[in-house]
Amino acid sequence: MRWPVAAYRAPRGAHDPLPNVNDPFLRAAIDEALLGLSEGGIPIGSVLVIDGHIVARGHNRRVQQGSAVLHAEMDCLERAGRLAAADYRRATLYSTLSPCDMCSGAILLYGIPRVVAGEHRTFRGPEDYLRSRGVELDVRDDGECVELMRRFIEARPELWNEDIGV
């Protein structure tokens, strides 16, 4: 089933005082989230940035692919293909939502030193653990990311609960 993307966009002026739409990498992650939503999936998006360039994009494809593991960050890393350890050490992973335990494990496994999360109001992953392991975590509290998830969770709580293992 496809969802009306326009119904999930934050209304004009709904952003926090310092919106992050000027960050092209967070904007790209939001665009991925909206793409996933338009495909009937859960609206979470991610991009992997190395040396100022997007090298991979992904979005939550659990519904579309019937997958147990294709969260946005996992999809993004899969689409990046095999990279050298040195590449991951220069990377920043952007996600519209705080990474869950599974995605945090992948971040640690590949030694990604920096994560930018669009928000953590609707879901907060193991952020303290990531920080304790040396990952720089920048949570932007972006209004569009918050509204996208709030509206989706309200509309499809059963799908959201399945995604986070509730």
Side-chain angles (χ1 to χ4, degrees), residues 1-5 7-8 25-26 28-50 54-85 87-89 91-135 137-140 142 144-166:
M1 175 176 187
R2 298 189 188 276
W3 310 105
V5 173
Y8 289 89
F25 304 129
L26 184 57
I30 292 169
D31 290 345
E32 283 293 319
L34 292 169
L35 177 59
L37 181 66
S38 74
E39 296 170 351
I42 298 166
I44 304 168
S46 184
V47 295
L48 185 66
V49 176
I50 300 175
I54 295 174
V55 297
R57 300 168 178 265
H59 53 272
N60 188 304
R61 293 177 197 264
R62 290 187 69 249
V63 174
Q64 300 93 310
Q65 299 293 323
S67 171
V69 297
L70 279 181
H71 283 190
E73 301 90 339
M74 302 299 283
D75 184 51
C76 181
L77 292 172
E78 174 70 16
R79 290 170 178 276
R82 295 176 62 199
L83 299 176
D87 293 327
Y88 288 115
R89 286 192 298 268
T92 298
L93 184 66
Y94 283 75
S95 180
T96 57
L97 187 64
S98 178
C100 72
D101 289 313
M102 175 178 65
C103 298
S104 294
I107 290 162
L108 295 173
L109 177 67
Y110 292 108
I112 298 170
R114 184 167 186 258
V115 174
V116 175
E119 65 107 347
H120 65 189
R121 289 190 210 178
T122 59
F123 176 82
R124 185 181 294 229
E127 294 176 2
D128 291 337
Y129 182 64
L130 281 173
R131 287 183 178 109
S132 78
R133 295 286 306 272
V135 175
L137 181 61
D138 176 4
V139 179
R140 298 288 175 86
D142 179 79
E144 186 172 1
C145 292
V146 172
E147 280 302 306
L148 185 62
M149 286 310 301
R150 278 190 181 157
R151 291 175 183 200
F152 180 80
I153 292 167
E154 182 179 300
R156 294 301 309 269
E158 76 291 346
L159 193 54
W160 171 243
N161 289 336
E162 174 192 322
D163 193 65
I164 59 172
V166 173

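Every heavy atom of this structure was used, including side-chain atoms; hydrogens, water molecules and symmetry mates were not.
- With a 4.5 Å cut-off on side-chain heavy atoms, Tyr88 and Leu109 do not count as touching.
- Between Tyr129 and Leu108, some side-chain heavy-atom pair lies under the 4.5 Å cut-off.
- Residues Ser67 and Arg61 fail the side-chain proximity criterion, which asks for heavy atoms closer than 4.5 Å.
- Among pairs with a residue in residues 105-115, those fulfilling salt bridge (Lys or Arg N to Asp or Glu O under 4.0 Å) read Arg114-Glu136, Arg114-Asp138, at least two apart in sequence or across chains.
- The distance from atom CG of Asn161 to atom CZ of Arg156, rounded to the nearest 0.5 Å, is 11.0 Å.
- With sequence neighbours excluded, no residue forms a side-chain contact (heavy atoms from CB on, under 4.5 Å) with Glu78.
- For the pair Ile44/His71, no side-chain contact is recorded, criterion being any heavy-atom separation below 4.5 Å from C-beta on.
- Within the 3.5 Å criterion, the main-chain N or O of His59 finds no donor-acceptor partner in the side chain of Ser46.
- By the neighbour-count criterion of 12 heavy atoms within 6.0 Å, atom CD of Glu158 is densely surrounded, having more than that number from other residues, nucleotides or ligands.
- In this structure, the side chains of Phe25 and Thr92 stay at 4.5 Å or more apart for every pair of heavy atoms.
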(message) Evaluate Glu127 against Leu130 for side-chain contact (heavy atoms from CB on, under 4.5 Å), listing each step before the verdict.
(response) CA-CA 5 Å; Glu127 294 176 2; Leu130 281 173; 5.6 Å; no
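- Under the 4.5 Å side-chain criterion, counting only non-hydrogen atoms from C-beta, Leu148 is not in contact with Thr122.
- The backbone N or O of Gly41 lies less than 3.5 Å from no partner atom in the side chain of Glu39, so there is not a single donor-acceptor pair.
- Of all the heavy atoms in Gly40 and Val63, the pair that sits closest is O-CG1, 3.6 Å.
- The two atoms that bring Pro126 and Pro99 nearest to each other are CD-O, 3.3 Å, heavy atoms only.
- Here CG of Leu77 is found 7.5 Å from CD1 of Ile107. Values are rounded to the nearest 0.5 Å.
- Going from atom CG of Asn60 over to atom CE of Met74 covers 11.5 Å, rounded to the nearest 0.5 Å.
- Between the CZ atom of Arg79 and the CG atom of Leu70 there is a distance of 8.5 Å, given to the nearest 0.5 Å.
- Atom CZ of residue Arg121 and atom SG of residue Cys145 lie 10.5 Å apart, to the nearest 0.5 angstrom.
- When all heavy atoms of Gly58 and Asp75 are compared, the closest pair comes out as CA-OD2, 3.1 Å.
- Between Ala33 and Gly45 the shortest heavy-atom distance is CB-N, 3.5 Å.
- Note on ring orientation: taking the six-membered ring where Trp is involved, the planes of Trp160 and Phe123 are perpendicular (angle over 60°, cut-offs 30° and 60°).
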(request) Please lay out, stage by stage, how Ile50 and Leu83 fare under the test side-chain contact (heavy atoms from CB on, under 4.5 Å). (result) CA-CA 11 Å; Ile50 300 175; Leu83 299 176; 4.0 Å; yes
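- Between atom CZ of residue Arg57 and atom CG of residue Leu35 there is a gap of 10.0 Å, rounded to the nearest 0.5 Å.
- Taking 4.5 Å as the limit, some side-chain heavy atom of Leu159 sits within range of a side-chain heavy atom of Phe152.
- The side-chain heavy atoms of Asp142 and Glu119, taken from C-beta on, include no pair separated by under 4.5 Å.
- Distance alone, capped at 3.5 Å, places no donor-acceptor pair between the Thr96 side chain and the Ile30 backbone.
- Taking each heavy atom of Ser95 and Leu26 in turn, the nearest pair found is O-CD1, 4.3 Å.
- The two residues Ile112 and Leu48 have their closest heavy-atom pair at CD1-CD1, 4.3 Å.
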